[in-house]
Amino acid sequence: SVWWGKKKPMLSEKNAMMTLPYMIDGEKVVTLSNACYLFMARKCGIVPASEAAAIDNEQVQMQVFDLRNDAIKACYNGGDKEAFAAAMPGYMGGAVTGYYAKLNGF
């Protein structure tokens, strides 16, 4: 593919941590989901007004990232539809409910 054959090697010269997603801003190549999100927020002027707000922002971001990681575990299981179907009740009733409860309580 174009990514593995051309793009990734070329971009890796500018950023050794190169992976998807990525953003290019002039000569700067930013990669990794959370780094891209934070980069976009700073570029758009969406930054916490205080250290306390920054800490709250980071905690919510990491909680959502944990939710995402659990979704990856439940959904990407080698294409086994039966394993996916078996994992969903526990994921939706357990992990998702738990993460949403934490976020709502925050």
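Please read these numbers as outputs of a predicted model, since none were measured by experiment.
Within the 4.5 Å cutoff, the side chain of F65 has no heavy atoms near those of the Q61 side chain. Using a 4.5 Å heavy-atom threshold, the side chains of K8 and L20 count as separate.
Counting only residues at least two apart or in different chains, salt bridge (charged side-chain N to carboxylate O under 4.0 Å, His left out) contacts with residues 30-58 comprise D25-K43. The stretch residues 12-46 participates, sequence neighbours left out, in these ring-ring contact (aromatic ring centres under 6.0 Å, His included) pairs: W3-Y22.
The side-chain hydrogen bond (donor to acceptor under 3.5 Å, both in side chains) check on Y91 picks up nothing, with sequence neighbours excluded.
Other residues, nucleotides and ligands place no more than 12 heavy atoms under 6.0 Å from the OH atom of Y76. For M10, the CE atom counts as densely surrounded, since its 6.0 Å shell holds more than 12 non-hydrogen atoms of other residues, nucleotides or ligands.
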*Step-by-step side-chain contact (heavy atoms from CB on, under 4.5 Å) determination, I24 to K14*: CA-CA 10 Å; I24 298 174; K14 295 185 177 197; over 6 Å; no
*Given V64 and L103, is the side-chain contact (heavy atoms from CB on, under 4.5 Å) satisfied, shown in steps?*
CA-CA 9 Å; V64 170; L103 291 165; 4.2 Å; yes
*Report the C-alpha separation of M62 and D66 in whole Å, then their side-chain angles, then the decisive distance to 0.1 Å, and conclude whether the side-chain contact (heavy atoms from CB on, under 4.5 Å) test is met.*
CA-CA 6 Å; M62 295 307 120; D66 285 349; 5.6 Å; no
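Remark: the backbone N or O of A95 is not paired with any side-chain donor or acceptor of D70 at under 3.5 angstrom. Side-chain N or O atoms of T31 include one that pairs as donor or acceptor with a backbone N or O of T19 at under 3.5 Å.
From I46, atom CD1 reaches atom CG of N57 across 10.0 Å, with rounding to the nearest 0.5 Å. Going from atom CG of N104 over to atom OG1 of T97 covers 10.5 Å, rounded to the nearest 0.5 Å. Annotation: the span from Y99 atom OH to R68 atom CZ amounts to 12.0 Å, rounded to 0.5 Å.
Transitive grouping of hydrophobic side chains (ILVMFWY, heavy atoms separated by less than 4.5 Å) brings M88 and L67 into a common cluster. M40 and V30 fall within the same hydrophobic cluster, defined by Ile, Leu, Val, Met, Phe, Trp and Tyr side-chain heavy atoms under 4.5 Å apart, directly or through other members. Residues M23 and L11 do not share a hydrophobic cluster, defined by chaining ILVMFWY side chains whose heavy atoms lie under 4.5 Å apart.
Closest approach of P89 to A85, counting heavy atoms only: CD-O, 3.1 Å. Looking at every heavy atom in both residues, P21 comes nearest to C36 through O-SG, 4.0 Å.
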